[in-house]
Every structure is written in structure tokens, then in C-alpha cells.
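Because the structure is predicted, anything quoted here is derived from the model rather than measured.
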Amino acid sequence: MLYYLFNYLYKVHHIPGTGVMQYSSFRAALAIVSSLIIAQYFGAPLIRLLQRQQIGETIRDLGLQGQAEKKGTPTMGGLIILLAILVPVLLFAKLDNIYVILMLLSTVWLGLIGFVDDYIKVVKKDKEGLAGRFKILGQVGLGLTVGWVLFFSNDVTVRQYVLPNGSFSAVDASSVYQDVKLMITTVPFIKNNELNYGDLFATAGDFFNEYYAFFYIPIVIIIITAVSNGANITDGLDGLAAGTSAIIGTTLAIFAFVSGNALLADYLDVMFIPNSGELVIFCAAFVGACVGFLWYNSYPAQVFMGDTGSLAIGGIIAVLALIVRKELLIPVLCGVFLIENLSVIVQVSYFKYTKRKYGEGRRLLRMSPLHHHYQKLGYHESKIVSRFWIVGIMLAVLTLVTLKLR
């Protein structure tokens with residue numbers, strides 16, 4: 001909103017200094033500072049409100065070190081994250097940008113699903129919370145919406161450069177180009193690394209070639225569901241999900257800045273996505289919200305984010321990666337989420353397999369998800385979180401290296 005006000009003052013009244021809002025880097029700086037302030041200013045009062053309403057976490061006895069002390073800690077702290085994201089974005093971003101609209105929709109959509117789940121758990125005292133099928137249905141609904149918009153909206157384009165031999169390229173810049181509707185993505189570690197989803201079905205006949213949206217949209221649904229659930233599973237130790245998400249968000253902010261800047265995209269030989277630079281403001285608010293939340297969520301946590309926050313931040317990361325055409329980098333960038341997810345899948349699958357074969361279930365890990373396995377081994381919670389952060393930073397650096405390592 002402030003962007004439009006300053007734009008009006010600059011273009012109509014020519015007030016000196018108001019033109020600074022034209023720069024996305026300046027607005028991103030304002031967004032991250034604002035999100036930090038909002039998280040700090042509203043965090044403590046919200047925690048006190050949750051305590052007065054006795055909205056505390058119900059802890060199952062899993063025999064973990066320090067678990068008893070967490071009983072009664074306020075949950076639904078994800079409201080702090082949502083507030084610290086939405087307010088700066090509404091103030092400083094271009095609200096008519098299709099990508100900003102998608103991000104706002106994704107944040108509110110999954111935030112509401114998580115809020116309902118937390119409300120049923122802590123207010124209605126139903127430990128099961130929202131039924132799993134309804135969570136999945138909500139995630140599928142968001143994936144269907146995002147996939148449909150990315151595939152069919154004319155505002156979602158990539159820049160194609162016309163080369164001297166008459167062919168087209170998404171990365172080899174020339175003075176002649178056109179912004180086209182094309183579903184391509186980046187394949188890491190490969191030269192000339194653009195994959196056109198349509199090419200996957202080019203030999204399957206005209207029908208599949210024309211309607212490959214029916215194959216692309218399920219991919220979007222799977223990515224959003226997997227990453228949001230991965231963030232939800234990772235949210236098991238104080239500061240783990242928030243810190244890891246801040247690292248991932250910073251990396252995606254760099255990708256958005258490069259992909260949305262024609263000069264940098266040309267220099268780094270990466271795909272230029274018109275209007276995607278506006279996502280830098282959203283990414284800045286997202287990182288600021290996660291870091292601001294850590295003030296209260298770091299060990300020992302004063303508040304838990306609950307599903308209100310964890311489902312939302314996972315969905316945000318997935319949609320951001322899809323928009324900047326870096327979804328194939330998610331297994332690397334979100335490696336912490338992936339390994340946490342896999343640890344649960346492998347543990348459950350192995351237990352069921354051994355129960356059928358030997359009559360009793362056996363476990364590969366002492367406990368899943370993986371962070372609880374290390375707790376069972378005697379590692380302190382803060383050490384586990386710190387080391388997971390370090391792994392997250394290493395994976396983020398590896399992801400950024402793909403800009404040039406092909």
C-alpha cells in the first residue's frame with residue numbers, strides 16, 4: 001500500500017525522495033526490518049494472551065530429555081510469523097503482481113488449515129486435531145490452484161532470446177527477445193539446463209502435448225504437500241523449523257533477485273522471469289518473520305509455532321521454488337525437511353515389514369523423526385538444532401553454487 005502512495009507522490013507531485021520506493025532492494029530492506037519489529041512487538045503480548053487462554057501444548061510422554069518442561073508452553077505462535085509476513089508485504093509489495101498474489105494466497109490458505117488444526121487440539125482438547133484427510137485436501141486444493149495459475153495465467157511468462165541461428169534460449173541473452181508462456185524449469189548441475197515440461201510428452205501424441213497441464217499440476221500438488229508436511233515434521237525441537245526456514249528463505253530470495261533482474265540473469269546465465277523480482281520483498285518479510293520468531297522460539301522456547309506456522313512456512317517455500325523455476329533443487333535446498341520426512345517413512349515402513357515377517361516390529365532409528373533419534377542418543381536439544389542449522393547452511397551454499405556449477 002505504501003508503495004502505491006509513494007509512487008503517486010513521486011509521479012504526480014514530484015516530491016524528492018519518494019522515488020526510492022521504485023527500488024525493490026529498498027522495499028525488501030524495509031520489509032525485513034518491519035517483519036522483525038512486528039515479530040518483536042506483537043510476540044510478547046500474543047504469548048501472554050495464549051497463556052491467559054491456557055492455549056498450551058499437550059505433551060505425550062516419549063521419554064525424551066527435557067520433554068516434561070515443555071508441557072503447557074503456548075502454541076499457535078505461528079500467528080506471529082503470519083502477521084510478520086503479511087503486514088510488510090501488504091505495505092511494501094506491488095499487490096497487483098501475480099506472484100505476490102500467489103504467495104499471499106498460499107500463506108493465508110495453509111495458515112488457516114494449520115490454525116484450525118491447532119484450535120481443535122488445544123481449545124477443543126482433541127489430541128488428534130484436524131483429520132489428516134482434511135489437511136491433505138487443503139494442501140491438494142492449494143496445489144491445484146497454484147498449478148492452474150502458473151500453467152494458464154498469461155501473467156506468468158519467461159523470457160526467450162532469439163539466437164542468430166533462429167533458435168530460442170532462456171539463458172543466452174541477445175538483443176532480440178520475447179516473453180512467452182512456457183512451462184520450463186531449471187535442471188541443476190547441467191549445462192543448457194532448461195527442461196520444458198511439454199517436451200516430456202512431445203512424443204506421446206498431440207493430446208498429451210497440448211494438455212500436459214494434467215501432468216504438471218499433480219507435480220505441483222506433490223511438491224507443496226511434501227514440503228509443507230516436511231516443515232511440519234521438522235517442527236519438533238525449539239528453533240529447528242524456524243531457523244532452517246530462514247536459511248532456505250534467504251537462498252530463495254537470492255534466486256528471486258537474480259531471476260527477476262535482467263542484467264544479473266544475463267551475467268549469471270540463468271533464466272529471466274519477468275516480474276519475479278517482486279518476490280524479494282516477500283522473501284525478506286518471510287526471513288524476518290522466521291528470525292523474529294526465533295527470539296521467542298529458541299531454546300528454551302516461550303512459544304511453539306504449531307501447525308499454524310509449520311504448514312504455512314513449508315507451503316511458502318514450495319510455492320516460491322515453483323515460481324522461480326527451482327523446484328528440482330528442493331531435495332537439496334530443503335534437505336533437512338527431506339531427511340526428516342524420509343526418516344519417518346523409512347521407520348514406519350521397516351516396522352510394518354518386520355512385524356509381518358518376524359511377528360514383531362523392529363526399528364532402524366531409536367525414534368523418528370531423525371531429530372528425536374539424536375535426542376535418544378543423548379545429544380542436547382540445542383546442539384541438535386545448531387548442527388541441523390549448519391547442515392541447512394551447507395545445503396543452501398550448495399544450492400547457490402548451482403548458479404555457476406553446470
Side-chain angles (χ1 to χ4, degrees), residues 32 185-191 193 223 226-259 264 268-270 279-280 283-284 286-294 297-299 305 310 313-322 324-346 364-365 368-406:
I32 194 169
T185 190
T186 302
V187 181
F189 307 112
I190 297 176
K191 192 174 180 64
N193 59 345
I223 290 172
V227 179
S228 59
N229 285 333
N232 186 237
I233 290 172
T234 303
D235 182 35
L237 298 179
D238 297 349
L240 178 56
T244 304
S245 298
I247 296 166
I248 295 170
T250 302
T251 308
L252 288 171
I254 295 172
F255 279 125
F257 184 73
V258 171
S259 299
L264 281 176
L268 292 171
D269 202 28
V270 298
L279 287 174
V280 177
C283 291
F286 174 71
V287 172
C290 290
V291 173
F293 181 72
L294 274 175
N297 185 240
S298 58
Y299 181 84
M305 70 170 66
S310 60
I313 62 177
I316 286 169
I317 289 168
V319 178
L320 278 170
L322 285 161
V324 297
R325 315 296 177 105
K326 298 295 184 290
E327 63 267 29
L328 297 184
L329 281 169
I330 285 178
V332 180
L333 178 59
C334 301
V336 173
F337 293 170
L338 177 63
I339 196 66
E340 291 274 59
N341 238 340
L342 289 177
S343 68
V344 174
I345 295 171
V346 171
L364 290 172
L365 303 174
S368 65
L370 186 62
H371 55 259
H372 287 327
H373 170 74
Y374 288 113
Q375 277 188 292
K376 287 287 189 179
L377 290 176
Y379 289 90
H380 191 273
E381 183 171 340
S382 59
K383 181 177 286 291
I384 298 170
V385 171
S386 298
R387 289 184 174 177
F388 271 56
W389 285 358
I390 292 170
V391 172
I393 293 171
M394 293 169 62
L395 292 172
V397 171
L398 178 60
T399 305
L400 290 173
V401 166
T402 63
L403 283 170
K404 294 303 291 182
L405 185 60
R406 304 181 217 146

Practice prompt. Measure across W389 and G243 and return the closest heavy-atom pair with its distance rounded to 0.1 Å.
Written response: NE1-CA, 3.5 Å

Worksheet item: Atom OG of S386 and atom CG of L240: how far apart are they, to the nearest 0.5 Å?
Response: 10.0 Å

Worksheet entry | Full working for side-chain contact (heavy atoms from CB on, under 4.5 Å) between I223 and L322 | CA-CA 9 Å; I223 290 172; L322 285 161; 3.8 Å; yes

Would you tabulate the side-chain donor-acceptor contacts of residues 334-346 under 3.5 Å, counting partners in other chains and residues two or more places apart, or write 'none'?
from, atom 1, to, atom 2, distance (Å)
E340, OE1, L370, N, 3.0
E340, OE1, H371, N, 3.3
E340, OE1, H371, ND1, 3.4
E340, OE2, H371, ND1, 2.5
N341, ND2, A226, O, 3.2
S343, OG, I339, O, 3.4
S343, OG, E340, O, 2.6
S343, OG, L370, N, 3.1

Fill in: Side-chain heavy-atom pair P188, V332 within 4.5 angstrom cut-off
no

Worksheet item: Between atom OG1 of T399 and atom CD1 of I247, what is the distance when rounded to the nearest 0.5 Å?
Response: 11.5 Å

Discussion item. Restricting to non-hydrogen atoms, name the atom on N297 and the atom on G239 that form the minimum distance, rounded to 0.1 Å.
Written reply: OD1-N, 2.9 Å

Worksheet item: Atom CD1 of I384 and atom CG of L377: how far apart are they, to the nearest 0.5 Å?
Response: 8.5 Å

Discussion item. Assess the residue pair K376 and H372 against the criterion (side-chain contact (heavy atoms from CB on, under 4.5 Å)); give the C-alpha distance rounded to whole Å, side-chain angles, the decisive distance to 0.1 Å, and a yes or no.
Written reply: CA-CA 6 Å; K376 287 287 189 179; H372 287 327; 5.6 Å; no

Response to the item:
Smallest heavy-atom separation, L252 atom then I317 atom, equals CD1-O, 3.8 Å

Discussion item. Once rounded to the nearest 0.5 Å, what's the spacing between atom CD1 of I254 and atom CG of L400?
Written reply: 4.5 Å

Worksheet item: Does anything in residues 239-252 pair up under side-chain hydrogen bond (donor to acceptor under 3.5 Å, both in side chains), and if so which pairs, sequence neighbours excluded?
Response: none

Worksheet item: Minimum heavy-atom separation for I313 to M305, with atom names?
Response: CD1-SD, 3.9 Å

Response to the item:
Which of R325, E327, K326 passes side-chain hydrogen bond (donor to acceptor under 3.5 Å, both in side chains) with T185? Answer is E327

Worksheet item: Partners of D235 by salt bridge (Lys or Arg N to Asp or Glu O under 4.0 Å), sequence neighbours excluded?
Response: none

Practice prompt. Search all heavy atoms of D238 against all heavy atoms of Y299 and return the closest pair with its distance.
Written response: OD2-CD1, 3.4 Å

Fill in: CA sep, side-chain torsions, deciding dist, call: Y374, K383, side-chain contact (heavy atoms from CB on, under 4.5 Å)
CA-CA 10 Å; Y374 288 113; K383 181 177 286 291; over 6 Å; no

Discussion item. Walk me through whether L237 and F388 qualify under side-chain contact (heavy atoms from CB on, under 4.5 Å).
Written reply: CA-CA 11 Å; L237 298 179; F388 271 56; over 6 Å; no

Worksheet item: Once you round to the nearest 0.5 Å, how far does CG of L329 lie from OG1 of T402?
Response: 4.5 Å

Worksheet item: Taking all non-hydrogen atoms of both residues, which atom of L279 and which atom of A256 are closest, and how far apart?
Response: CB-CB, 4.0 Å

